[in-house]
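Below is one structure, written out as structure tokens; comments come after it.
Keep in mind it's a predicted model, so treat the numbers as computed, not measured. Sequence positions, counted from 1, serve as the residue numbers for this chain. Whatever order the structure lists them in is the order used to number ligands and atoms, beginning at 1.
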Amino acid sequence: MSGRVVVVGSVNVDLVLRAERLPAPGETVTGGVFERHDGGKGANQAVAAARLGRPTLFIGALGDDLFGHEARQALEREGVGTSTVRTIPGQATGVALILVDRRGENLIAVASGANGLLDGETVRDALGRLGSLRGDVVLVSHEIPTATAREALRLARAEGARTILNPAPATGLDRSMLGLADLLTPNRRELSVLAAAETRRTGRRHGAGEDPARLARELIEPSAEGPGVGEAVIVTLGSAGALLVRADRPDEPIDLPAHKVTALDTTGAGDAFNGALAAALAAGRSLEEAIRRAVVAGALATTRAGAREGMPSTAELEAALAS
Ligand code: RIB
């Protein structure tokens, strides 16, 4: 069975400054180079899925400004369906200020603009126009209001889609979200934030230390607050690959090896991973196979400057997988 990828999330314009190193608070670093790129976690994920040949739709919100107009055109050039993208009058399009150092590490701050006004009604209306979601994968990230992300997951589940929650950023998420996700895809930092929040809310010490496999397992197990993640937690580990913890075999974590590249810019690597994962699952691939492909897609995305520029086509991904 193969289906569509539907991404619900943010769309930004990225204003990027590449410098020798990242400044400390209060410090000025000179000698940087300025670049502008298309961005936003949700929109990047949609582009990653579309480049891999999956029919892909994006549900999000833009301002009625020049940035918004250009961001919509950029998505359309990539073949992403934008009939489900709302332009909000009088609002600014989201902007991300990004600093990237010579090793490709980044710091990101976002002015949400229209992304912060994406509401549940817009998502309901957009998903309603897509009909049954059986066979489709709905990928939701968190640079949009929490209530909207929750509603997207709830509706997607109700319509039969497989749901992926990319908890980025991870702050403010609880069991009411985790229990609606078939797959959860935190990076190492996001996993720690989620585990610490569980401890704060429940008062229960998780006792898992910083072991990602144990932390992931705790997000799968039900708690007094509700059910956990339904199918699996996939922890992205950057240049170390990924870790898969399945709900049906929580005591047997699986390490998925990294794909070695020379990283120029890690911005968007997680988005490439999530988009490629959704695309492979929507194409009917097994979970492990989909993660292997997503790890390679994430690595390739770091080889060019900008969040989207390095995201691979199917041919590029196949070549890298064969190498
Ligand atoms: O994940 C990278 C993205 O995060 C950037 O494109 C930026 O817009 C922020 O949303």
Side-chain angles (χ1 to χ4, degrees), residues 7-18 22 34-51 58-63 65 67-68 70-72 74-75 77-78 80 85 92-101 104-118 139-146 148-149 164-172 185-191 193 234 236-238 242 263-278 294-295 297-312:
V7 179
V8 184
S10 62
V11 49
N12 294 328
V13 168
D14 290 354
L15 305 180
V16 182
L17 203 148
R18 307 176 62 77
L22 303 175
F34 173 73
E35 296 165 4
R36 193 186 129 185
H37 295 278
D38 300 306
K41 295 189 194 305
N44 295 343
Q45 292 165 355
V47 168
R51 281 199 190 162
F58 178 60
I59 300 175
L62 292 162
D65 48 13
F67 277 178
E70 291 179 357
R72 184 183 286 274
L75 285 168
R77 274 198 304 275
E78 297 281 355
V80 174
V85 177
T93 297
V95 171
L97 292 184
I98 304 180
L99 297 174
V100 182
D101 73 10
E105 295 300 329
N106 63 44
L107 282 180
I108 304 180
V110 173
S112 298
N115 295 304
L117 296 175
L118 181 67
L139 167 58
V140 180
S141 50
H142 194 218
E143 277 184 340
I144 55 174
T146 305
T148 308
I164 305 177
L165 172 59
N166 173 223
T171 318
T185 57
N187 63 23
R188 196 63 195 77
R189 176 187 289 268
E190 289 154 358
L191 181 67
V193 171
I234 304 156
T236 56
L237 300 169
L264 181 70
D265 182 353
T266 58
T267 314
D271 302 335
F273 178 96
N274 278 277
L277 177 73
V295 165
L300 292 176
T302 69
T303 59
R304 295 204 199 121
R308 296 186 197 168
E309 276 73 354
M311 288 178 174

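- For the residue pair N12 / N115, a side-chain donor-acceptor distance below 3.5 Å is found, with atom types taken as modelled.
- Distances between N or O atoms of T267 and those of ligand 1 include no value under 3.5 Å.
- Between R36 and E70 a salt bridge is recorded (basic side-chain N to carboxylate O distance below 4.0 Å).
- Proximity of I98 to L15: side-chain heavy atoms (C-beta onward) are nowhere separated by under 4.5 Å.
- Backbone and side-chain nitrogen or oxygen atoms of V110 are examined, and none is located within less than 3.5 angstrom of a nitrogen or oxygen of ligand 1.
- Contact of the K41 side chain with the N274 side chain is not registered, since no non-hydrogen atoms from C-beta on lie closer than 4.5 Å.
- Taking a cut-off of under 4.0 Å to the non-hydrogen atoms of G39, the atoms of ligand 1 that pass are 6 (O), 8 (O).
- Near N44, with a cut-off below 4.0 Å to any heavy atom, the atoms of ligand 1 are 2 (C), 3 (C), 5 (C), 6 (O).
- Side-chain contact between E143 and S112: absent, with no pair of heavy atoms (C-beta onward) separated by less than 4.5 Å.
- Residue D14 has at least one N or O atom closer than 3.5 Å to an N or O atom of ligand 1.
- Proximity to A307 (heavy-atom distance under 4.0 Å) selects the following atoms of ligand 1: 6 (O).
- Protein heavy atom at the shortest distance from atom 4 (O) of ligand 1 is K41 NZ, 3.1 Å.
- Heavy-atom contacts of E143 reach the following atoms of ligand 1: 4 (O), 9 (C), 10 (O) (cutoff under 4.0 Å).
- Side-chain contact between V7 and L139 is present, with at least one heavy-atom pair separated by less than 4.5 Å.
- Salt-bridge formation is detected for the pair D265/R18: a Lys NZ or Arg NE/NH1/NH2 atom is positioned less than 4.0 Å from an Asp or Glu carboxylate oxygen.
- In the vicinity of A96, heavy-atom distances shorter than 4.0 Å reach the ligand 1 atoms 7 (C), 8 (O).
- Close to ligand 1: G40, with a non-hydrogen atom less than 4.0 angstrom away.
- Near D271, with a cut-off below 4.0 Å to any heavy atom, the atoms of ligand 1 are 1 (O), 2 (C), 3 (C).
- V16 places a side-chain heavy atom less than 4.5 Å from the side chain of V100.
- Contacts between H37 and ligand 1 below 4.0 angstrom, taking non-hydrogen atoms only, are absent altogether.
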